[in-house]
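Report on one structure; see the data block that follows.
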Protein chains: 2
Amino acid sequence: MPTIKDVAKRAGVSVTTVSRVLNNRGYIGETTRKKVYKAMEELDYQPNEVARSLFRKKSNIIGLIVPTVAHPFFGEMTSYIETYAYSRGYKVLICNSQLDSSKEQEYIWMLRRNQVDGIIMASHTLDVEEYKKLELPVVAFDRFISKKIPYVTSDNYRGGKLAVELLLERGCTKIAHMCGSLHLDMLANQRHRAFMDVAEERKVPYFTVETDINVFEVKKYEELLLDLFIEHPEVDGLFLNSDIMAVAAMKVCSKLGKRVPEDVKIIGYDDVSIASLVSPEITTIRQPLEQMSRLSVRLIEGLVNKKPVSVENCLPVELVRRGTA
Amino acid sequence: MPTIKDVAKRAGVSVTTVSRVLNNRGYIGETTRKKVYKAMEELDYQPNEVARSLFRKKSNIIGLIVPTVAHPFFGEMTSYIETYAYSRGYKVLICNSQLDSSKEQEYIWMLRRNQVDGIIMASHTLDVEEYKKLELPVVAFDRFISKKIPYVTSDNYRGGKLAVELLLERGCTKIAHMCGSLHLDMLANQRHRAFMDVAEERKVPYFTVETDINVFEVKKYEELLLDLFIEHPEVDGLFLNSDIMAVAAMKVCSKLGKRVPEDVKIIGYDDVSIASLVSPEITTIRQPLEQMSRLSVRLIEGLVNKKPVSVENCLPVELVRRGTA
DNA sequence: CAATTTATGTCAACCGGTTAACATACCCGG
DNA sequence: CCGGGTATGTTAACCGGTTGACATAAATTG
């Protein structure tokens, strides 16, 4: 790998001059500039960003911790985040925590050792205190940690409300909500809050199916839903916390000979691309994932540049009526 | 952020001693070691990996270029790669090229500037020459570039063969294959080769549906398949190059009132998790994605450590019989 | 023509570690 | 008591850039 010295030698100028060309500072003559560019080209030179990062104390790298990028929601989110971050001059180090808190802690340490400029946390299994200790810019995705740590979310309560209301509007009389662990302190739990509030207010019997703490195992979804229908065959409305769960629900219904939406109405969440790909298409609550992703990056940028940023960033959700409810 | 100097001062030892503790080299007394660890803990010190990378000329970062991590196949792959890489001491910088060659080129430059130890390329839209120029360790995913560049793939020809043979075994009389651009020089194109070979040998009429060069747009899949059925309503067997396409195919069939598998048999490819989640479950050709991912990382490691590695790495595929064929 | 402005160079320090070379000193065993 | 292993320190160079201070000289400008 050629270094700046090689470039200087080849162009017949000093290292300082090359650096000045590279960073566009100070006076540089046109001919010199051309000479330097030519030398760079001939040597196929590219500045060593590691050296630059060291000096500048800025790596232009964002750490992104997700449960797993294999889950379509986080896959899409990661794609949006990386694409936008790149357009802003940032690179993304990806971390799959599997919702395992010791892994999450290790990743945080690793990111710190690697001098990332900030961390977007879409997995939070640690105690609040651990996050507060971080002197790094941190943006939480879908979780409130403290008044100091900005977070991005969408209107989960409203999402939950819209979902149940749709089920009731469609005439459901016994409904269930399947969600992730309610022990993890995530704002997504507000969907369940809304679900219960509305169900109770309308005096509709309801059930809750909580998945394991550390699981995106789709097989598990099926089992749990099967159990639900075995215990409560009269359930005729299902609110699922993700579209993936909704797909699983459709399968379980089909297995049990229940027609969707005739016998059972199903409403998912997120509006990932698979939701509109299956048949019937899944009625769902759409989170503005692209906007949320971009906003996360902008918040990190704001923190990095010591600009004031708003702590609470809640974007609206939208009911997408399709075939399953 | 505390530096090694702060630790030295606090522990009352020299910087060299701290470094020796950190790197476990030379003689260190037990009491000194303890003092140093204690100081590190008290200061919450972590060594600056940027500085270390600079000195060692090794970043322990792998660049991963995929078309988009939003596609389940690449999402799952990325998850496997990152998890395995992390267990081997590597971090992963993720790049979504969108199958856009100028973006791909930019990402390659970026990765080089950032001194990654190697690149796993699962998107290759550039001319072969561009890749050969790279002095970096590169592993290609599903593409043969040159005898110098190791690649990981699975037995695409066999996969294609298994797929068509299954369709024929199931009695299909008019079949079609939907695949990505055949202009991108990917080993996945061998599936189409096999498809045609078998169809011709068995004298079964067949059609090819080629998607656009730069697309994972699922809407497009539907349109193309709809067009296919409008032009050739007698098609009764569909081989799709991904499970996502297969899901789209099921939807199109359902729209047209064709039952799967009774009227149309469908076989997908990859066996991503969604394949066994929809109903009916998708019959598919399984690529050993986890093994392929791990192998890619090991190849990078081998190249980094100047160990001899085999150029051709083709893993077996497997027919997974499920509900759609 | 003097004063600026422009253009470039030299030199050294710095970012935060790592490492080789060399010095010193203690402890232990033969 | 000498020699070698153990333990630690000092110093300086290095990784590949960046930057400020300062010097020099040519080109512009008023």
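These numbers were taken from a predicted model, which means no experiment stands behind them. Numbered from 1 within each chain, the chains take letters A, B, ... in sequence-line order.
Annotation for B:Lys5: atom NZ does not count as buried by contact number, only 12 or fewer foreign heavy atoms lying within 6.0 Å.
Every residue two or more places apart in sequence or in another chain that forms a salt bridge (charged side-chain N to carboxylate O under 4.0 Å, His left out) with A:Glu135 is listed here: A:Arg112.
Spacing between atom CE of A:Met1 and atom P of D:dG17 amounts to 10 Å, rounded to whole angstrom units. Note: CG (A:Leu54) to P (C:dA13) measures 18 Å, nearest angstrom. Put simply, CZ on A:Arg52 is 9 Å from C1' on D:dT18, counting in whole angstrom units. For the pair A:Arg56 CZ and D:dT19 C1', the interatomic distance rounds to 11 Å; values are reported in whole Å. As a whole-Å value, the separation of A:Arg113 CZ from C:dC15 P is 22 Å. Nucleotide D:dC15 holds its C1' atom 15 Å from the CD atom of B:Glu49, rounded to whole Å. The distance from atom NZ of A:Lys57 to atom C1' of C:dG17 is 12 Å, rounded to the nearest whole Å. Taking atom NZ on B:Lys58 and atom P on D:dG16, their separation rounds to 16 Å, with Å as the unit.
The closest side-chain donor-acceptor pair between B:Ser14 and B:Thr17 falls under 3.5 angstrom. Checked by atom type, the side-chain pair B:Ser59/B:Gln115 shows no donor-acceptor distance below 3.5 Å.
Near-neighbour residues of DNA chain C inside residues 4-11 of chain A, defined by a heavy atom below 4.0 Å, are absent. Across residues 19-29 of chain A, A:Arg20, A:Tyr27, A:Ile28, A:Gly29 each have a non-hydrogen atom less than 4.0 Å from an atom of DNA chain C (numbered order).
Under the side-chain contact (heavy atoms from CB on, under 4.5 Å) test applied with A:Lys91, the options A:Asn60, A:Asp117, A:Val116 reduce to a single match, A:Asn60. A side-chain contact (heavy atoms from CB on, under 4.5 Å) with A:Asn96 is found for exactly one of A:Thr78, A:Val69, A:Ile65, namely A:Val69.
Mapping B:Val18 and A:Val18 onto DNA chain D by nearest heavy atom places B:Val18 at the nucleotide closer to the 5' end.
The residue B:Val50 sits apart from the nucleic acid: no heavy atom pair falls under 4.0 Å.
Counting only residues at least two apart or on different chains, the ring pair (Phe, Tyr, Trp, His ring centres under 6.0 Å) pairs with a member in residues 75-106 of chain A are A:Tyr86-B:Tyr107. For residues 5-51 of chain A, there are no ring pair (Phe, Tyr, Trp, His ring centres under 6.0 Å) pairs, not counting sequence neighbours.
Using a 4.0 Å cut-off between charged side-chain N and carboxylate O, B:Glu41 and B:Lys38 make no salt bridge. A salt bridge does not link A:Lys103 with A:Glu106: none of the charged nitrogens is closer than 4.0 Å to a carboxylate oxygen.
Annotation: side chain of B:Lys35 is not in contact with side chain of B:Val18 (no heavy-atom distance under 4.5 Å).
The phosphate of C:dG16 (OP1 or OP2) has no side-chain N or O of B:Thr3 nearer than 4.0 angstrom.
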Pairs: protein N or O with nucleotides 11-13 of chain D N or O, under 3.5 Å:
unit_1	atom_1	unit_2	atom_2	d
D:dT11	O4	B:Thr16	OG1	3.4

